[in-house]
Amino acid sequence: MKKLLLMMLALVVLCMPLGAVAEEETLKLPLGVTFGLDLEQLAGMLGEGAVVEAWDTDGSGSVFLENVGLGVGDLHADFVSMNVTTNNSPRLPRLDNIDASIAFEGSCIAAFRRALADLTAVYGQPDSDPFDQFARESYQEYGNLSASWTTPEVRIYLNMSQSFIPGGSLDLSYAYRLCYDLSDLDE
């Protein structure tokens, strides 16, 4: 009986990392896309309204959208750019970066707080408090606020700047973190 219990415990322990990976693969990205799509797959998934710009014959390029709901909370973007690059070990074209300019009316700070609430509802608390003492000092000096979320596969940034654009701007970006294989270092 002890052997059976030990084997079952070992199986549970072995399955735990697989569950974590499966959960990570379901991280909600804007417009329901997933990292790793090639340019054709991405354009087909986004459908009409998506403007495709191929950069080179290697399959890299961008897909642009305007005036769209992101499908992450109530966030709406004036402009979205999704980049498919060969910035990875096998040099295959893959979606690895998403940038969005968040639409808002009124105060940039109020818009930042609303976007922060939407993102926190989906991704949990950000890596650090965007209103702590350091952030307040940074805002006072530079007019910026920021929040980030880091998962094993994705880094998400929300930035607000009042420095350059009248009324300010809100930018949201997603960067894929697993572009290169660690086995490259073994060569």
Side-chain angles (χ1 to χ4, degrees), residues 20-106 108 110-124 126-127 130 145-161 164-165 167-181:
V21 169
E23 183 178 319
E24 186 61 38
E25 290 174 0
T26 62
L27 181 74
K28 185 173 187 147
L29 296 176
L31 301 159
V33 302
T34 56
F35 283 122
L37 296 173
D38 65 29
L39 197 56
E40 186 177 310
Q41 292 168 326
L42 181 60
M45 183 174 187
L46 297 173
E48 286 187 40
V51 176
V52 179
E53 178 183 294
W55 296 341
D56 206 341
T57 58
D58 66 357
S60 59
S62 290
V63 176
F64 305 102
L65 296 158
E66 292 182 342
N67 195 24
V68 294
L70 295 177
V72 178
D74 290 329
L75 295 177
H76 191 275
D78 291 326
F79 184 78
V80 178
S81 171
M82 298 186 184
N83 296 323
V84 174
T85 73
T86 58
N87 182 26
N88 54 67
S89 289
R91 296 288 190 217
L92 296 172
R94 297 177 177 165
L95 173 63
D96 64 5
N97 184 273
I98 302 167
D99 291 306
S101 177
I102 303 299
F104 67 91
E105 291 183 21
C108 195
F112 179 86
R113 289 181 185 277
R114 286 190 303 272
L116 178 65
D118 280 343
L119 293 166
T120 299
V122 174
Y123 304 119
D127 297 338
L145 287 173
S146 64
S148 64
W149 293 259
T150 307
T151 74
E153 293 185 4
V154 180
R155 192 175 313 273
I156 304 164
Y157 294 103
L158 174 64
N159 292 309
M160 182 215 75
S161 175
F164 306 107
I165 299 172
S169 67
L170 243 99
D171 300 304
L172 177 62
S173 66
Y174 293 75
Y176 189 55
R177 299 185 66 211
L178 301 178
C179 296
Y180 290 90
D181 298 326

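- With a 4.5 Å cut-off on side-chain heavy atoms, Phe64 and Met82 do not count as touching.
- Side-chain contact check for Arg177 versus Glu153: every heavy-atom pair is 4.5 Å or farther apart.
- Side-chain atoms of Ser146 and Leu158, non-hydrogen and from C-beta on, never get closer than 4.5 Å to each other.
- The CG atom of Asp171 sits 6.5 Å away from atom CG of Asn159, with the distance rounded to the nearest 0.5 Å.
- For Val84 against Gly59, the heavy-atom pair with the smallest separation is CG1-O, 3.9 Å.
- Residues satisfying the side-chain contact (heavy atoms from CB on, under 4.5 Å) test with Glu66, not counting sequence neighbours, are Phe79.
- For the atom pair CG of Asp99 and CG of Leu172, the computed distance is 8.5 Å after rounding to the nearest 0.5 Å.
- Put simply, CG on Leu145 and CG on Leu116 are 9.5 Å apart, with the number rounded to the nearest 0.5 Å.
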Check the pair Leu75, Leu119 against side chain to side chain contact (heavy atoms under 4.5 Å, CB included), reporting the backbone distance first and the verdict last. CA-CA 9 Å; Leu75 295 177; Leu119 293 166; 3.8 Å; yes
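- Note that the OG1 atom of Thr86 and the CG atom of Leu92 stand 8.5 Å from one another [nearest 0.5 Å].
- A donor-acceptor pair shorter than 3.5 Å can be found between the side chains of Tyr180 and Asn87.
- Remark: Val122 engages Lys28, Val72 in a side-chain contact (heavy atoms from CB on, under 4.5 Å) (not counting sequence neighbours).
- When Asp118, Leu70, Val80 are each tested for a side-chain contact (heavy atoms from CB on, under 4.5 Å) with Ile102, only one passes: Leu70.
- The shortest non-hydrogen separation linking Leu31 to Met45 is O-CE, 4.4 Å.
- Side-chain contact, Ser62 with Asn83: a donor N or O sits under 3.5 Å from an acceptor N or O.
- Nearest heavy-atom pair, Pro126 versus Thr120, reported as atom, atom and distance to 0.1 Å: CD-OG1, 3.9 Å.
- Residues Val52 and Ala43 come closest through the heavy atom pair CG2-CB, 3.5 Å.
- A side-chain donor-acceptor contact under 3.5 Å links Ser89 to the backbone of Asp181.
- Pairing each heavy atom of Ala50 with each of Val63, the nearest pair is CB-CG1, 3.7 Å.
- Atoms CH2 and OH, on Trp149 and Tyr157 in that order, are 12.0 Å from each other to the nearest 0.5 Å.
- Annotation for Cys108 and Ser161: closest pair SG-O, 4.4 Å, computed over non-hydrogen atoms.
- In this structure, the side chains of Leu29 and Tyr174 come closer than 4.5 Å at one or more pairs of heavy atoms.
- At a threshold of 4.5 Å between non-hydrogen side-chain atoms, the residues Phe35 and Ile98 count as touching.
- Here Leu27 contributes atom CG and Ile156 contributes atom CD1; the two are 5.0 Å apart, rounded to the nearest 0.5 Å.
- Around atom CG of Asp74, no more than 12 heavy atoms belonging to other residues, nucleotides or ligands sit under 6.0 Å away.
- Counting heavy atoms from C-beta on, the side chains of Thr85 and Arg94 never come closer than 4.5 Å.
- In terms of the side-chain contact (heavy atoms from CB on, under 4.5 Å) criterion, residue partners of Ala103 (sequence neighbours excluded) are, by chain and number, His76, Asp78.
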